[in-house]
Amino acid sequence: MHPFEHYLYVLECGDGSLYTGYTTDVAARVAAHQAGTGAKYTKSHAPVSLLAQARFHSKERAMSAEALFKQLPRDRKDALLAKAAEHPFEDVLCQELPGFGIDTAHEFACRSLSENIDAGYQAFQAKLIPSVKAKSIVGVRTPALRRIAKELARRDDVHAFTKALPHRLFEENQLHAFVIGCERDYDAAIELYDAFLPYVDNWATCDQLPTSVFAKRPADTLERVEAWLATDHCYTIRFGIGILMHHFMDERFEPRFLEMVARTRMPNTAEQPASKDDIYYVDMMRAWYLTEAMAKQERAALPYLERSGEDALLDEWTRRKAIQKSVESRRITDEMKDHLRACR
């Protein structure tokens, strides 16, 4: 099934009545109706023939068209079908179906994605993000996603898209992330983040969520970070650590932030077991944070990498990973790298 092919179709039954339905494969669906397995109504009103089909890019748009078309009186349906003989049926419906309108935010998003697919990039992305099902990745590059998101954010009905959670596709999540980044009002942005974060299911979307708005009110941001770190959702925790790393590592840095990250773990108990992937992606972000701290706040961060065993300030896996990443960093001096190697 192509993710951007959704159809309303209209059949004429043997007694002259009409049947309207939704499908992703018109030919297969018509064949099922003709074989008597498509629907009870068409089975008892055979034979059937296809009168018209309207292609849309989102399931929501196609099903909306189906519902509104079914409400029309027969003479109005016939008038629209007559026009479909000369014009694409989807165009006829957009222009003349009462209550349907020309476009929606979700249809715009899906149509725009379909116009920017790079099949080769899809395979590349699928390998980079193993926690996401490959079939939910269509392969749209980030520059195109950012451009589409800017247009989407300017629509009056953009909130219809941001409220349509969960999304089906990885790229829809990416669009959602970049749309949030277009929001300049702090309180409005926080509402969008809080609504979206529980549905983030991969490191790429999490790490590409824009964060510039958080610099406006650092005290309020710290409160949000503390709340996010206390959740049981992997990517909400990861995002919170990322905010500390991007906005509280320089002049706003406090040693207690290191303590916050050190004690933050993905909840994993008998009553609340966590997947290995979730634990990994949280701990990798913790190690990344420690590496950044070594580059910018060496004196405060060093004890977390030096101390092990009974004196450890950090779990051993994350400590060793942070050492590894610090040794690989170009911002750490050679002398410090030698010292860290000795701390392994």
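Remember, predicted model here, so these are calculated numbers, not experimental data.
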Minimum side-chain heavy-atom gap [X]-[Y] below 4.5 Å:
| X | Y | value |
| --- | --- | --- |
| Cys234 | Ile279 | no |
| Arg111 | Phe108 | yes |
| Ile241 | Trp288 | no |
| Ile237 | Arg265 | no |
| Thr205 | Phe196 | yes |
| Cys343 | Leu305 | no |

| Other residues, nucleotides, ligands: >12 heavy atoms within 6.0 Å of Arg299 CZ | no
| said: For the NZ atom on Lys216, are there more than 12 heavy atoms of other groups (residues, nucleotides or ligands in this structure) within a distance under 6.0 Å? | reply: yes
| task | Check step by step if ring pair (Phe, Tyr, Trp, His ring centres under 6.0 Å) holds for Phe56 and His6. | result | CA-CA 5 Å; Phe56 299 98; His6 301 272; 9.5 Å; no
| query | If you group Ile, Leu, Val, Met, Phe, Trp and Tyr by side-chain heavy-atom gaps below 4.5 Å, do Met63 and Tyr9 land in one group? | reply | no
N/O donor-acceptor pair under 3.5 Å between [X] side chain and [Y] backbone:
| X | Y | result |
| --- | --- | --- |
| Glu171 | Leu145 | no |
| Arg286 | Thr264 | yes |
| Arg256 | Phe253 | no |
| Lys150 | Val179 | no |

| request: Any chance you could measure Leu314, atom CG, to Arg319, atom CZ, to the nearest 0.5 Å? | output: 8.5 Å
| task | Enter the distance from Phe170:CZ to Ser131:OG here, rounded to the nearest 0.5 Å. | result | 9.0 Å
| said: With side chain to side chain contact (heavy atoms under 4.5 Å, CB included) as the criterion, how do Leu222 and Leu244 come out once you've worked through the C-alpha distance, each side chain's angles and the decisive distance to 0.1 Å? | reply: CA-CA 8 Å; Leu222 278 176; Leu244 284 178; 3.8 Å; yes
| query | Who pairs with His45 by side-chain hydrogen bond (donor to acceptor under 3.5 Å, both in side chains), at least two apart in sequence or on another chain? | reply | none
| note | By side-chain hydrogen bond (donor to acceptor under 3.5 Å, both in side chains), Glu107 pairs with (sequence neighbours left out) His57, Ser58
| Flag for Gln95-His87: side-chain donor and acceptor within less than 3.5 Å | no
| Going by distance alone, is a donor N or O of one side chain under 3.5 Å from an acceptor N or O of the other, for Tyr41 and Ser17? | yes
| message | As a quick check of understanding, evaluate ring pair (Phe, Tyr, Trp, His ring centres under 6.0 Å) for Tyr199 and His176, giving each step before the final call. | response | CA-CA 11 Å; Tyr199 295 95; His176 196 136; 8.7 Å; no
| Once the angle between the rings of Phe214 and Tyr186 is folded into 0 to 90°, is it parallel (under 30°), tilted (30 to 60°) or perpendicular (over 60°)? | perpendicular
| query | Is the NZ or CZ atom of Arg61 both under 6.0 Å from the centre of the six-membered ring of Phe100 and within 45° of that ring's axis? | reply | yes
| task | Sequence neighbours left out, what pairs pass salt bridge (charged side-chain N to carboxylate O under 4.0 Å, His left out) with at least one residue falling in residues 191-209? | result | Asp194-Arg224, Asp207-Arg238
| request: For side chain to side chain donor-acceptor pair (under 3.5 Å), just list the numbers for His2 and Thr24, CA-CA rounded to whole Å, side-chain angles, deciding distance to a tenth of an Å, and then say yes or no. | output: CA-CA 8 Å; His2 193 287; Thr24 58; over 6 Å; no
| task | Can you see which heavy atom on Ile137 is nearest to which on Gln125, and at what distance? | result | CG2-CB, 3.9 Å
| request: Could you go through the ring pair (Phe, Tyr, Trp, His ring centres under 6.0 Å) check for Tyr193 and Phe239 one step at a time? | output: CA-CA 10 Å; Tyr193 282 109; Phe239 181 71; 5.5 Å; yes
